[in-house]
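Note that this is a predicted model, so its numbers are computed, not measured. Heavy-atom basis, side chains included; hydrogens, waters and symmetry copies ignored.
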Amino acid sequence: TLLEILESGIEEIIYWPSVSKLTLNSLWNSYRQDAEVILKLVKVLSQNPVVPRLNLITTKSNLIGKEGGSLCPRSSGLWGLGRVLANEHAEFRCRRIDLVSEDTVGLIDTITRKDDEDEIALKNGRPYFSRVVRRQLDSVDGEIPLSLDGTYIVTGGLGSIGIYTAEHLALKGASVIVLVGRKYPSS
């Protein structure tokens, strides 16, 4: 069983689904399949005293630089699932590795890295890492206009900042505001 294999001291687990042309139905099925596999892995891994690193390999879920290109919806969904897993279950040390170009140069080196980088995009063998960079925004003259017939979704909308944001949108004339959150409203 997988649990017996884990007890043998394995250090890395790699999940790398194949990517082929997808229809809307097959895309939905692939999302479900990826979620089921990752959920089963998480259940088994959580029973093991030593948790190996979980590597999720995607293809074209990120764009690098200013050049265009198309993203793979299945890979983007798996990347997002991995990000949630990394945030909610840090013990799995979930690393997302995206093959931006279709070659695998540098993949083994990336998988065996011993650092804390958990979002890595490989393009032509070169690794790129996620970073938050301070950026100067273009100045806006006056208020940012709202579409009065538009719908505004506020994620985290049930927390205090979300409620404040929704009130601000309502005062500015937004007629449809959707508040989305995982918890009950804060007081």
query: R83 and N87: side-chain contact (heavy atoms from CB on, under 4.5 Å), yes or no, with the steps?
result: CA-CA 6 Å; R83 185 175 273 176; N87 286 324; 3.9 Å; yes

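- Placement of L179 and Y164 in two distinct hydrophobic clusters is found when ILVMFWY residues are connected by side-chain heavy-atom separations under 4.5 Å, directly or transitively.
- Note on W16 and L78: separate hydrophobic clusters, where clusters join Ile, Leu, Val, Met, Phe, Trp and Tyr whose side-chain heavy atoms are under 4.5 Å apart, directly or indirectly.
- Rounding to the nearest 0.5 Å places OH of Y15 at 14.0 Å from CG of N55.
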query: Given the rule in the side-chain contact (heavy atoms from CB on, under 4.5 Å) test, do K172 and L169 qualify, once you have shown the distances and angles that lead to the verdict?
result: CA-CA 5 Å; K172 296 297 179 183; L169 288 169; 5.8 Å; no

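- Between the CD atom of E88 and the CZ atom of R182 there is a distance of 4.5 Å, given to the nearest 0.5 Å.
- Under the 3.5 Å distance criterion, the side-chain polar atoms of S75 are left unmatched by any main-chain donor or acceptor of T58.
- I57 and I38 are members of different hydrophobic clusters when ILVMFWY side chains are connected at heavy-atom separations under 4.5 Å.
- Remark: the backbone N or O of A121 is not paired with any side-chain donor or acceptor of N62 at under 3.5 angstrom.
- Side-chain contact between I97 and I111: present, with at least one pair of heavy atoms (C-beta onward) separated by less than 4.5 Å.
- Here the closest heavy-atom approach between residue P73 and residue Y31 is recorded as O-OH, 3.2 Å.
- With rounding to the nearest 0.5 Å, the separation of OG in S130 from CD in E119 is 3.5 Å.
- Note that the OG atom of S76 and the CG atom of L81 stand 12.5 Å from one another [nearest 0.5 Å].
- Summarising the geometry of S175 relative to G150, their closest heavy-atom pair is OG-O, 4.4 Å, with the distance given to 0.1 Å.
- Residue pairs meeting the ring pair (Phe, Tyr, Trp, His ring centres under 6.0 Å) criterion with at least one member in residues 85-136, sequence neighbours excluded, are H89-F92.
- The CZ atom of R93 sits 10.0 Å away from atom CD1 of I13, with the distance rounded to the nearest 0.5 Å.
- The two residues D115 and R53 make their nearest non-hydrogen contact at O-NH2, 3.3 Å.
- Screening L122, I14, I120 for a side-chain contact (heavy atoms from CB on, under 4.5 Å) involving L107 leaves a single residue, L122.
- Under a 4.0 Å N-O distance rule, the pair R74/D34 qualifies as a salt bridge.
- Put simply, the side chain of T151 does not reach to within 4.5 Å of the side chain of I177, judged on heavy atoms.
- The hydrophobic clustering, which links ILVMFWY residues whose side-chain heavy atoms are closer than 4.5 Å, places L56 and V51 together.
- At most 12 non-hydrogen atoms from other residues, nucleotides or ligands lie less than 6.0 angstrom from CZ of R126.
- Note: the hydrophobic cluster containing I163 also contains L146 (ILVMFWY, side chain heavy atoms under 4.5 Å, direct or indirect links).
- Atoms CG and SG, on L27 and C72 in that order, are 8.0 Å from each other to the nearest 0.5 Å.
- Look at R96 and E117 and you find no salt bridge, because none of the NZ, NE, NH1 or NH2 atoms lies under 4.0 Å from a carboxylate O.
- Under the 4.0 Å criterion applied to side-chain N and carboxylate O atoms, E11 and K114 are assigned as salt-bridge partners.
- Residue Y152 comes nearest to S147 through the heavy atom pair OH-N, 2.7 Å, listed as atom of the first residue, atom of the second, then distance.
- Residues L45 and P52 form a side-chain contact, since some pair of their non-hydrogen atoms from C-beta on lies under 4.5 Å apart.
- In this structure the side chain of V178 never reaches within 4.5 angstrom of the side chain of V154, judged on heavy atoms.
- Under the 4.0 Å criterion applied to side-chain N and carboxylate O atoms, R95 and D116 are not assigned as salt-bridge partners.
- Scanning all heavy atoms of the two residues, the minimum distance from C94 to A86 falls at O-CB, 4.0 Å.
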